[in-house]
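Predicted model, so just to flag it, every value in this text is computed and none were measured. All ligand and atom numbering here is 1-based and tracks the order in the structure.
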Amino acid sequence: MAEAKPVEALTEGEAADELAFLAKEIARHDVAYHTRDAPEISDADYDALRRRNDALEAFFPHLIRADSPSKRVGAGVAEGFAKVTHRVPMLSLTNAFSDADVADFVARGQRFFEKDAGLELAFTAEPKIDGLSASLRYAHGKFAQGATRGDGEVGEDITANLRTIKDIPQNLAGSGWPDEIEIRGEVYMTHAEFEALNAKSAAEGGQVYVNPRNTAAGSLRQLDPSVTASRNLRFFAYAWGFASAPFAKTQMEAVAKLSEWGFVTNPLMIRTSSVEEMLQQYRAIEAQRATLGYDIDGVVYKLDDLALQQRWGFVARAPRWAIAHKFPAEQATTILERIDIQVGRTGALTPVARLLPVTVGGVVVTNATLHNADEIARKDIREGDTVVVQRAGDVIPQIVRVIPEKRPAGSEPYVFPEFCPVCGSPAVQEINEKTGKPDAVKRCTGDLICPAQSVEQLKHFVARDALDIDGLGSELIELFHDEDLIKSPADLFRLKDRADEVKLALFKRREAQAAAREAQSGAKRKKVLSAEERTYEGLDKLFSAIEARRRPELDRLIFALGIRHIGEGNAALLAKTFGTFAHFESVSALAASGDDGAVAQLMSIDGIGETVVGSIVRFFSNARNKQAVDDLLGEIEPLEYVVASADESPVAGKTVVFTGSLEKLTRAEAKAMAERLGAKVAGSVSAKTDLVVAGPGAGSKLKTAESLGIAVIDEDGWLELVGAS
Ligand code: IVH
């Protein structure tokens, strides 16, 4: 399958298949490498898999999967880095977008210090480097540890990678440095390096790197420092965090020290006492932007005097004494040829603008997100319009506005579809839980039958917390779905009748995997499988696992249907309320047909609100969902919901209080569970309380319980007590 057919020569179907294969294969190798420390392929082969994935995604951006390896670069790989708590948090900067914002900033400073007679405030102005900030801890002049910014409090230990950057000294030069100091600055990639890397990658048929910043980020988060080293990253020092002793009185002086100690500092930094000169420097730096050789996205002004900085202080996560004056986002004009609707795996309909390709800030843009129907209406965006496109720092381009003078005659406002373009089901807006107003996003109501949603729905259906079908994981669901063997939950129970086709599908997959391995490693396969070997030993087991679930517990079944907003807790509440599936279904169907009594009955369930009821109504209003459910009921016989009898349950008749946060159960679920077992759940602790289940963060309720001598257990203890551990 992974015959190196050029990406351009693939059909969409082939590309989608290959992306699915690569997602799994790369994830498997990631586990082998990072978790088990037992790589099965060479780094070069692994990189080749990733490059192929990147190349496919670059060419077929609409096929990028939710579980794409490219989305995991950050989080996934990051699991390999240890956490570092910054001794002084790494702050961000407040933004200024206009000259007036800058004048306001200076005026704020003047007001703050107005009692200091005769004080003239001086500010520094320097480029804002568009890279990644890093904090470098030096102990007795030696580079000891380096970390990413992370969330500002805790970053990741990337010492080994930072050591490969030649602008970062291993030992501080000169003298006078504090024993302990965190030096801060920006890691970045020059344009020359970025272009060379892309040229090299293109020559090898590899991925296209989008911009220097993202590439620098990816390069820094490599688990193999030799990869980082090959990227020739650079570093500008411009700040510091913890310092065991003061070493300067002003920003200017401090940065001069950083330079003496061997760091590269930016040559465009000036000091001035006037707003005019600050703005002049802004324009001077902006004028040089294209020829600097590295990306900058604005100018940072900082109060020069460090003692005054300290006095002026901080707001939330940013200093009051500094501000980032941003350059306007890069924009270009092009034609919006068409608006396509994509249907996501949760059924969200997302409009995408297909553009006549245009270069914005050095990147060719062909698509832009339109977010939702409201946004299209608000900006009155129509097919055929000439539009202004903008890339604001980030990679995803946006449509800023339409140029109405260029609108072709006879153009019509865009009408957002009322139906899902994939399955034809009605598309509706949900009521937002928080605002009580309709959501901006329209969703397909074909939960169980829409091909765009069904694979995820099926995976959910068989998952551990739902029907819990042993041995039927995501991979097999995808395979059977791709091979048209299962389209809706009922098909699972008919899979056995198509055993031959199932075997064939499994065989095809095995062949494809072997062929891919062969293509990757260059090694020949030892032997070709014979017809007899086309059996699948686990198959009987799988079929019996499916058979074993023909009588599912009611709460699990309701949860398994994947109705939005019905998690395990709500499913348990519904199961408890209705007792049988038939009862639940008939009330839901009545509610869907507009029966006020049925709606009221659902609304009256303690713990179930408008959002959930809206969701049930939406689900059962779609005749095809209902049909899929009935089809399923032809195959299975859900159990009645039984409330444990008093003598069986260890908590029957007891009053239980949950406090603190629970990690394995939601509150609703814990409550439903307790009630199902005959307990009464109370909100506060009193002498009548029999048992307190306390999680992390439990406060006054726990104290009261302890003072009253009431039994206290944790969540695990609770699960054990009720036999659910
Ligand atoms: S000073 C307490 N100076 O911009 C102030 N930051 O938007 C710390 N940045 O997280 C930052 N160039 O990554 C400062 N010359 C510069 C900068 C700069 C780029 C980054 C830095 C910071 C972000 C805030």
Seminar exercise, completed: Per-atom filter on ligand 1: closer than 4.0 angstrom to a heavy atom of Leu91 are 10 (O)
Exercise. Do ligand 1 and Ser92 have nitrogen or oxygen atoms that lie under 3.5 Å from each other?
Worked result: no
Exercise. Given that the side chain starts at C-beta and the backbone is N, CA, C, O, which of these parts of Val300 lies under 4.0 Å from ligand 1, counting heavy atoms, or is it both or neither?
Worked result: side chain
Exercise. Looking at atom 4 (O) of ligand 1, what's its closest protein heavy atom, distance included?
Worked result: Lys128 NZ, 3.2 Å
Problem set entry | Close aromatic pair by centroid cut-off 6.0 Å: Trp261 and Phe247 | yes
Seminar exercise, completed: Here the atoms of ligand 1 under 4.0 Å from any heavy atom belonging to Lys302 are 1 (S), 3 (N), 14 (C)
For this session: Please work out whether any backbone atom (N, CA, C, O) or any side-chain heavy atom from C-beta onward of Met90 is under 4.0 Å from ligand 1, and answer side chain, backbone, both or neither.
Result: neither
For this session: Measure from the ring center of Tyr188 to the ring center of Phe236 and say whether it is less than 6.0 Å.
Result: yes
Exercise. How about Gln310: does its CD atom have over 12 heavy atoms from other parts shown lying under 6.0 Å from it?
Worked result: no
Exercise. Does Phe143 have any ring pair (Phe, Tyr, Trp, His ring centres under 6.0 Å) partners at least two apart in sequence or in another chain, and if so, which?
Worked result: Tyr138
Exercise. Excluding sequence neighbours, so at least two apart, what forms ring pair (Phe, Tyr, Trp, His ring centres under 6.0 Å) with Phe105?
Worked result: Phe123, Trp312
Exercise. Which is it for Ala239 and ligand 1 at heavy atoms under 4.0 Å: side chain, backbone, both or neither?
Worked result: neither
Problem set entry | Atoms in ligand 1 with a heavy atom of Glu126 nearer than 4.0 Å | 3 (N), 15 (N), 16 (C)
For this session: Provide, to 0.1 Å, the distance between atom 21 (C) of ligand 1 and the closest protein heavy atom, together with that atom's residue and name.
Result: Tyr238 OH, 3.0 Å
